[in-house]
Amino acid sequence: MPAPLRRRGVQTLAAFLAYIALTIAMTWPVARGIAHDVPADLGDALLNMWLMAWDAEALMAMASGAMAFGDLWNGNIFHPTPLSLTFSEHLLPQAVQGLPVYLATGNIVLAYNLVFLATFALSGLGMFLFVRELTGQARVAFVAGLFYAFLPYRLGQFPHIQTLSSQWMPFALFGMRRYFDTRRLAALAGGAVAFLVQGLSTGYYLFYFAPVLAAYVLWVYPRLGTRPYQ
């Protein structure tokens, strides 16, 4: 492996480990009671746990052929009202993230808390990658990741995992930037997938972020011919 790539890999791993450690410290004592404690209050957090558990059970039922995709939206609340899952965020990406843990343990609190903590660490990592791509400066990128992952607005949203799930925005920007710099379709596909997952994570960010990503693409695209491939 070339030395520059090895150095970037070490930087990325060190930054991610630092963000994980800071996540545990900034959200303490969530990690201490990760298998049984509920972050924040017993309102929206419990609703979101139910949403993730329903999604997980429905995905397993669909995989076994016991449920059609259309029945996913008929959550087991407010009977006999149909399509009750559409009354709130569906949280399918979060449920998929927590699915391996839920399948292994049956503990939705543990699965939820791991996804909750991951929103902070991955937000920091995504912004680190994007800003390092823009500036070439790992230290600047690390500080940018700190601001994005742990800004006060996020710390006030503990009951709302859908609002905390903003980690895919910088990954989408990073993928687009890598594509513009390298013309690699894998980077474009990664950015597109990150944008899709972000939109599915919460409808708010779908509407907020789509114009931002479009504006960024429109701003960078005319300058493609003025920069060499990297």
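Because the structure is predicted, anything quoted here is derived from the model rather than measured. Numbering of residues begins at 1 and proceeds along the displayed sequence. Note: hydrogens, waters and symmetry copies are ignored here, and every other heavy atom, side chains too, is used.
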**OP:** For residues Ile77 and Ser84, report the shortest heavy-atom separation together with the two atoms involved.
**Re:** O-OG, 3.4 Å
**OP:** Report whether Val212 and Leu206 are members of the same hydrophobic cluster (ILVMFWY, side-chain heavy atoms less than 4.5 Å apart, transitive linking).
**Re:** yes
**OP:** Would you mind reporting whether Met127 and Phe147 have side-chain heavy atoms less than 4.5 Å apart?
**Re:** no
Original post:
Near Phe78 CZ, under 6.0 Å, is it more than 12 heavy atoms from other residues, nucleotides or ligands?
Top reply: no
**OP:** Applying side chain to side chain contact (heavy atoms under 4.5 Å, CB included), run through Arg177 and Phe130 and close with a yes or a no.
**Re:** CA-CA 8 Å; Arg177 180 70 190 199; Phe130 176 52; 4.2 Å; yes
Original post:
Which distance, rounded to the nearest 0.5 Å, do you find between the OH of Tyr148 and the CG of Leu125?
Top reply: 12.0 Å
Original post:
Quick one: side chain to side chain donor-acceptor pair (under 3.5 Å) pairs with a partner in residues 91-101, sequence neighbours left out?
Top reply: Gln94-Ser165
Original post:
Which pair of non-hydrogen atoms, one from Phe174 and one from Leu129, has the smallest distance, and what is that distance?
Top reply: CD1-O, 3.4 Å
Original post:
Without hydrogens or angle criteria, can the side chains of Gln11 and Arg132 be said to hold a donor-acceptor pair below 3.5 Å?
Top reply: yes
Subject >> Cluster overlap Leu151 with Leu22, hydrophobic side-chain contacts below 4.5 Å >> reply: yes
**OP:** Would you kindly say whether Thr119 and Gln167 are connected by a side-chain donor-acceptor distance under 3.5 Å?
**Re:** no
Original post:
Do Phe87 and Tyr204 belong together in a cluster built from hydrophobic side chains that touch within less than 4.5 Å?
Top reply: yes
Original post:
Between Met52 and Ile108, is any pair of side-chain heavy atoms under 4.5 Å apart?
Top reply: yes
Original post:
Step by step, would you call Met49 with Val109 a side chain to side chain contact (heavy atoms under 4.5 Å, CB included)?
Top reply: CA-CA 7 Å; Met49 285 183 187; Val109 177; 4.0 Å; yes
**OP:** Of all the heavy-atom pairs spanning Leu92 and Leu72, show the shortest one and how long it is.
**Re:** CD1-CD2, 4.0 Å
Subject >> Spatial distance of atom OG1 (Thr86) from atom CH2 (Trp73) [nearest 0.5 Å] >> reply: 8.0 Å
Original post:
For residues 8-49, which residue pairs qualify under ring-ring contact (aromatic ring centres under 6.0 Å, His included), counting only residues two or more places apart or in two chains?
Top reply: Tyr19-Phe142
Original post:
Does Ala172 offer a backbone N or O that forms a donor-acceptor pair with the side chain of Gln198 under 3.5 Å?
Top reply: no
Original post:
Between Phe195 and Trp168, is a side chain to side chain contact (heavy atoms under 4.5 Å, CB included) present by the stated rule, with each step listed?
Top reply: CA-CA 7 Å; Phe195 172 71; Trp168 307 116; over 6 Å; no
Original post:
Does some side-chain heavy atom of Tyr153 sit less than 4.5 Å from a side-chain heavy atom of Thr163?
Top reply: yes
Original post:
Side chains of Leu200 and Tyr205: does their closest heavy-atom pair fall under 4.5 Å?
Top reply: no
Original post:
How does the hydrophobic cluster around Val10 look, that is, which other residues are in it when side-chain heavy atoms under 4.5 Å mark a link?
Top reply: none
**OP:** Kindly give the heavy-atom pair with the smallest separation between Ala121 and Ile20, and that separation in Å.
**Re:** CB-CG1, 3.9 Å
Subject >> Leu134 with Val143, same ILVMFWY side-chain cluster at under 4.5 Å >> reply: no
**OP:** Mind checking the CE-CG spacing from Met169 to Leu173? Nearest 0.5 Å is all I need.
**Re:** 9.0 Å
Original post:
Quick one: CG on Leu164 to CD on Gln157, what's the gap to the nearest 0.5 Å?
Top reply: 6.5 Å
**OP:** Hey, could you give me the CE/CG distance between Met26 and Leu117, rounded to the nearest 0.5 Å?
**Re:** 13.0 Å
Subject >> Pro170 versus Ser123, closest heavy-atom pair with distance >> reply: CG-O, 4.2 Å
Name each donor-acceptor pair under 3.5 Å that joins a side chain in residues 57-71 to protein atoms two or more places apart or in another chain, with its distance.
| unit_1 | atom_1 | unit_2 | atom_2 | d |
| --- | --- | --- | --- | --- |
| Glu57 | OE2 | Tyr102 | OH | 2.7 |
| Ser64 | OG | Met60 | O | 3.4 |
| Ser64 | OG | Ala61 | O | 2.9 |
| Asp71 | OD1 | Asn74 | ND2 | 3.4 |

Subject >> Over all atoms of both residues, closest heavy-atom pair of Val131 and Ala141 >> reply: CG1-CA, 3.7 Å
Original post:
Checking Arg154 against Phe120: charged group under 6.0 Å from the ring centre and within 45 degrees of the axis?
Top reply: yes
**OP:** Run the numbers on Asn48 and Leu91 for side chain to side chain contact (heavy atoms under 4.5 Å, CB included), then give the verdict.
**Re:** CA-CA 8 Å; Asn48 290 332; Leu91 300 187; 3.5 Å; yes
Subject >> Note, Phe171 side chain near Val193 side chain (heavy atom, < 4.5 Å) >> reply: no
Subject >> Asp55 and Leu85, any side-chain heavy atoms less than 4.5 Å apart >> reply: yes
Can I get a per-line list of side-chain donor-acceptor pairs under 3.5 Å for residues 37-47, giving both atom names and the distance, sequence neighbours left out?
| unit_1 | atom_1 | unit_2 | atom_2 | d |
| --- | --- | --- | --- | --- |
| Asp41 | OD1 | Gly43 | N | 2.9 |
| Asp44 | OD2 | His160 | NE2 | 2.8 |

Original post:
Roughly how far apart are Thr202 OG1 and Phe207 CZ, rounded to 0.5 Å?
Top reply: 10.0 Å
**OP:** Please name all residues satisfying salt bridge (Lys or Arg N to Asp or Glu O under 4.0 Å) with Arg8, sequence neighbours left out, ordered by chain then number.
**Re:** Glu133
